Amino acid sequence: MDKFVIKGGTPLKGTIAISGSKNAALPIIAASLLGNSPSTIRNTPRLQDIYTFNNVLRVVGAKVDFQEEQNTLEIDPTGVSHLEAPYDLVRKMRASFYMLGALVGKHGYAKVSLPGGCAWGPRPVDLHLKGMEAMGIDISLDKGYVIAKADKELAESSFTLKPSSVGATVNLLLAAVLRTKKFTINNAAKEPDVVQLCNFLVKMGANIEGIGTDTLIISGVDELKGIEVDNDPDRIEVGTFMIAGAMIPDSDLTLTGCNPDHLGSFLPVFKKTGADVKVDGTTISVKAPKQLKAVSIKTEIYPGFPTDMQAQWATMMTQAEGASKVTDTVYFDRFSYVPELTRLGADMHLEKNTAHIQGKTPLEGASVMSTDLRASVSLVLAAMVAENTTEVLRVYHLDRGYESLEHKLNAVGAEITRVDE
Ligand code: UD1
C-alpha cells in the first residue's frame, strides 16, 4: 500500500493546471450509455474512480477506450446487453449506482448492487429508489441488489427530494429522459455537476427545462445520440490548491483552466481569510497572507460551501490566528481527519457535527492515516506546513480523486515522495 513521505515547510510557487472533474465526469459517463451511438468525453481525469467506472461499463457490454495521454474517453454503448452491475465493482465506488438510472432508462431493466457502507457515516440511496418508484419504475430488492423494471412509456409524475441530493438527481435524470411522458424533480440539486449532466443530455437530444434551477422538468424523447464534449474542471481541486497557496507561508500559486463561476460561496468566504486572490478569466492566483484570519464555515448544498472542502478548510484554520468553527450540515460524520490533525499538533476538537479549531498552532511531522479522499488531501496540506517529515499512510484514497497530486505539488516546490511498502 503506497504512502507519502512529505517534508514540510517549503513554499509553493508556480503554476498548476487544473484537471477535469471526477464528480462531473461520472454522471456524463453514465449518460453516454443512453445514446444509440458512441460518445467522446475530453478532459476526463486519470483517476482510480474513473478506471473503476470504466470497468463497470465494460462489464455490462460497453466498449470503453480511455486514451489516457490525451485524457479522452470514448464510450460505445451499442453492445450493452448484460444489465447488471456487481457488488465487487459497486462497493469500490458509490457512484457506480448511477448504473441503475442509466440501464433502466435505456433498457427498461437493471440489476445493480446496493453500494454498501461509507467511511463518513450513513449514505442512503432511499431517495434514488423512492424517486424511481414515483416515476412508475418497479423497484425490488434481492440479496443486496436493486432490481428495477420499467415500461416503455411511464405516465406523467413528479418527486420532491428531501433533502436535495446530487446522486438522486443524477439517477432520476438518467432514468427519466428516455422513458417518462413528463417527470418533474422538485428540490433538485443545482451543483455544476448536475448542470453539466443536463447540458450533456440536452445535446444528446433530451428535453429538460429548468436547468440550473431546483425544478427540473423532463419530457421523454424516443432516442438520444452520442456526442463529443469537454468535461468541466474540478472545482474541488481548485479549492484545495487555493487553500494550499493561502496556508503555506510565502506561497504564490497560479491555477489555470479553472471555472471560477463553479466555486459558489467558497470564493467570497475564502477572501475573508486575508489571502490575496486574483481571478482573471479561467486563471486564479493566490498569495499567502502574512497572517491568515480565522473564518468559520458551515457546509450547504450548492452554491453554499461544499462539504467536499470542509476538511481542507479546517486544516487551513489550524494556521489562522484565532478561533473558528467548521460545521458540516450535509454529512454529519465527515470528521475522521480531526484526530489525525491533532496528532500533528492541531488544537481542535469535535462537538457533534462541528469542529472547533484554535489557531495558530505549529504542526510537527508524525505518521498519520488517510481515511477518505478529502481527509487524505487535508493531511497532505497539513504535512506541507508541518516541521520535519510526515508520513501519510494509505494514499490510495487520494488516487481516487486527485490526478497526479504529488507531481503537481512537487513541480511547484513541495517535497512529496511516494513509497510503496
Ligand atoms: C455527491 C458527491 C460527493 C459530495 C456530495 C455532496 C459524487 C460522486 N459525490 O455525493 O463528493 O460530497 O455529493 O455534495 O458526485 N441523501 C439521502 N438519501 C438519498 C441520497 C442522499 O438522505 O437517497 C442525503 C445524504 O445522506 C446527504 C445529502 O442527502 O446528507 C446529500 O447527499 P448527496 O447529494 O446525494 O451526495 P452524493 O450524490 O452521494
Side-chain angles (χ1 to χ4, degrees), residues 20-31 45 47-50 52-53 56 90 92-102 112 114-134 139 141 146 159-175 185 187-197 214 231-232 234-237 239-240 262-266 298-313 327-337 353 372-378 397-398 400-402:
S21 163
K22 165 178 86 74
N23 286 357
L26 294 168
I28 59 174
I29 294 173
L47 296 173
Q48 196 51 52
D49 275 7
I50 299 291
T52 300
F53 205 35
V56 180
V90 178
K92 287 191 183 153
M93 189 195 60
R94 296 178 58 82
S96 305
F97 202 60
Y98 293 159
M99 293 302 281
L100 191 69
V112 176
L114 282 163
C118 171
W120 15 292
R123 291 182 72 185
V125 288
D126 57 316
L127 294 171
H128 303 229
L129 304 182
K130 285 179 190 148
M132 286 189 197
E133 282 180 327
I139 299 285
L141 299 179
V146 180
F159 186 69
T160 300
L161 291 168
K162 276 191 211 149
S164 177
S165 154
V166 174
T169 305
V170 168
N171 242 336
L172 293 176
L173 279 161
L174 295 170
I185 309 174
N187 202 28
K190 295 185 287 193
E191 269 69 358
D193 314 341
V194 172
V195 172
Q196 168 165 288
L197 170 64
D214 59 7
N231 179 38
D232 280 342
D234 192 324
R235 65 198 165 102
I236 306 303
E237 190 193 24
T240 302
H262 287 180
L263 295 179
S265 69
F266 176 81
K298 192 183 271 193
T299 68
E300 309 276 358
I301 57 171
Y302 188 83
F305 191 100
T307 171
D308 283 347
M309 285 302 305
Q310 63 93 338
Q312 299 91 309
W313 191 270
T327 303
D328 201 325
T329 68
V330 180
Y331 288 107
F332 282 39
D333 297 329
R334 204 175 187 182
F335 289 98
S336 58
Y337 63 87
N353 59 332
D372 66 59
L373 174 55
R374 308 303 170 187
S376 309
V377 85
S378 303
H397 292 290
L398 285 167
R400 292 189 48 198
Y402 285 92

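As the structure lists them, so they are numbered: ligands from 1, and atoms in each ligand from 1. Every value quoted in this text rests on a predicted model; they were computed, and no experiment measured them.
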Could you tell me which atoms of ligand 1, counted from 1 in the order shown, lie closer than 4.0 angstrom to a heavy atom of S164?
29 (O), 31 (C)
For the residue pair I236 and V377, establish whether any side-chain heavy-atom pair is separated by less than 4.5 Å.
no
State whether the side chain of E191 and the backbone N or O of Y302 hold a donor-acceptor pair below 3.5 Å, judged by distance alone.
yes
If the cut-off is 4.0 Å to any non-hydrogen atom of R334, which atoms of ligand 1 fall inside it?
12 (O)
Using side-chain contact (heavy atoms from CB on, under 4.5 Å) as the criterion, list what pairs up with T160, not counting sequence neighbours.
K162, N186, N187
Mark up the atoms of ligand 1 that fall under 4.0 Å of a heavy atom belonging to P124, in ascending order.
17 (C), 18 (N), 19 (C), 20 (C), 21 (C), 22 (O), 23 (O), 26 (O)
Flag side-chain contact, heavy atom, 4.5 Å: D193 against V170
no
contact_flag R94 ligand 1 heavy-atom lt 4.0 Å
no
Mutual orientation of the aromatic rings belonging to Y98 and F53 [parallel < 30°, tilted 30-60°, perpendicular > 60°]
perpendicular
Quick one: which ligand 1 atoms are inside 4.0 Å of a heavy atom on T307?
6 (C), 12 (O), 14 (O)
Please determine whether side-chain hydrogen bond (donor to acceptor under 3.5 Å, both in side chains) holds for the pair S376 and Y402, giving the CA-CA distance in whole Å, both sets of side-chain angles, and the decisive distance to 0.1 Å.
CA-CA 10 Å; S376 309; Y402 285 92; over 6 Å; no
Check: A168 N/O within less than 3.5 Å of ligand 1 N/O
no
Atom 24 (C) of ligand 1: of A189, S165, P163, the nearest heavy atom sits on P163
Counting heavy atoms only, name the option from D308, T299, V166, D193 that's nearest to atom 13 (O) of ligand 1.
V166
Under 3.5 Å: donor-acceptor pair, side chain of Q196, backbone of A24:
yes
Please list, in number order, the atoms of ligand 1 under 4.0 Å from a heavy atom of V330.
27 (C), 30 (O), 31 (C)
In this structure, does ligand 1 have an atom that sits under 4.0 Å from one of the heavy atoms of P27?
no
Please state which option from N23, I236, D126 has its nearest heavy atom closest to atom 18 (N) of ligand 1.
D126
Salt bridge between R334 and D308, side-chain N to carboxylate O under 4.0 Å?
yes
Would you indicate which of Y302, F332, Y331 comes nearest to atom 33 (P) of ligand 1 when only heavy atoms are counted?
Y331
Which pairs of donor and acceptor atoms, one on a side chain in residues 124-131, lie under 3.5 Å apart (sequence neighbours left out)?
unit_1 : atom_1 : unit_2 : atom_2 : d
H128   : ND1    : N171   : ND2    : 3.0
H128   : NE2    : A168   : N      : 3.4

Does some non-hydrogen atom of M309 fall short of 4.0 Å from ligand 1?
no
When you measure from atom 38 (O) of ligand 1 to each heavy atom in G401, G167, P306, S21, which option holds the nearest one?
G167
